[in-house]
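Take a look at the structure below.
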Amino acid sequence: MATSISATGFKGGLGTSFYGSWGTSVYGEDYAMMAKSVPNHVRVGKPVRAQTMMKNINEGKGLFAPIVVVTRQIIGKKRFNQPRGKAIALHSQVITEFCKSIGADAKQRQGLIRLAKKNGERLGFLA
């Protein structure tokens with residue numbers, strides 16, 4: 001006994017509750033209600049990019065880190081960063097003057113400034 005399957009059910013005596021067709025569309029009140037619920041346009045926002053921040057790998061470590069962290073918390077980040085930036089600039093100027101006095105070129109000067117930054121991180125000045 002061979003049984004064939006069609007969209008309206010089994011031929012061979014077994015019934016189904018599906019009596020529609022595959023191409024059925026929505027008419028009348030249902031269509032109007034559905035049309036109102038669908039927005040006319042979709043607004044797409046800009047993708048959110050994670051801000052890359054340079055972080056000190058030794059943050060919170062070092063001999064002077066606790067003093068730096070407490071001072072920053074007491075006087076505030078903005079007021080703390082102003083003299084800190086001036087101190088860093090002054091230290092770079094001292095390194096530049098030292099390099100001029102010994103006759104070091106720009107590449108050696110840049111290396112000394114990078115070394116000073118690494119030492120500052122290790123000691124906790126840049127915490």
Side-chain angles (χ1 to χ4, degrees):
M1 178 172 126
T3 304
S4 64
I5 300 175
S6 71
T8 58
F10 289 97
K11 290 183 181 175
L14 294 174
T16 181
S17 62
F18 179 75
Y19 293 109
S21 68
W22 294 109
T24 306
S25 60
V26 180
Y27 292 106
E29 292 176 15
D30 292 336
Y31 176 77
M33 197 177 338
M34 233 189 334
K36 288 179 184 176
S37 67
V38 177
N40 292 339
H41 62 281
V42 177
R43 192 177 282 190
V44 178
K46 291 183 180 179
V48 178
R49 288 181 52 191
Q51 298 248 341
T52 56
M53 287 181 30
M54 294 182 70
K55 284 229 158 194
N56 182 359
I57 59 171
N58 295 318
E59 188 172 355
K61 299 178 183 175
L63 183 64
F64 298 101
I67 298 168
V68 171
V69 170
V70 169
T71 305
R72 183 176 51 220
Q73 289 175 350
I74 291 172
I75 67 172
K77 201 171 192 178
K78 187 174 181 179
R79 282 187 56 204
F80 177 77
N81 282 337
Q82 290 172 345
R84 180 185 194 176
K86 289 179 183 177
I88 291 171
L90 181 63
H91 192 236
S92 294
Q93 288 176 356
V94 169
I95 292 171
T96 301
E97 291 300 319
F98 173 75
C99 289
K100 284 181 184 177
S101 68
I102 64 168
D105 63 347
K107 201 171 199 179
Q108 289 173 326
R109 180 183 65 85
Q110 190 65 33
L112 286 174
I113 291 174
R114 285 189 179 140
L115 180 63
K117 184 179 180 208
K118 284 182 185 177
N119 287 336
E121 288 174 353
R122 281 191 211 116
L123 290 172
F125 287 120
L126 302 178

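Heads up: numbering here begins at 1 and tracks the sequence. The structure displayed is predicted, hence computed values, not measured ones.
Here ring-ring contact (aromatic ring centres under 6.0 Å, His included) pairs that include residues 69-90, with residues two or more places apart or in two chains, number zero.
The hydrophobic clustering, which links ILVMFWY residues whose side-chain heavy atoms are closer than 4.5 Å, places V68 and V70 together.
Atom OG1 of T71 and atom CD of Q73 lie 9.5 Å apart (nearest 0.5 Å).
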Would you be so kind as to tabulate the donor-acceptor pairs closer than 3.5 Å made by side chains of residues 84-96, with sequence neighbours excluded?
residue	atom	partner	partner atom	Å
R84	NH2	F125	O	3.4
R84	NH2	L126	O	3.3
S92	OG	I88	O	3.2
T96	OG1	S92	O	2.9

Show the atom names and distances, to 0.1 Å, of all donor-acceptor pairs under 3.5 Å that link a side chain in residues 97-110 to residues at least two apart or in another chain.
residue	atom	partner	partner atom	Å
S101	OG	F98	O	2.7
D105	OD1	Q108	N	3.2
Q108	OE1	D105	N	3.2

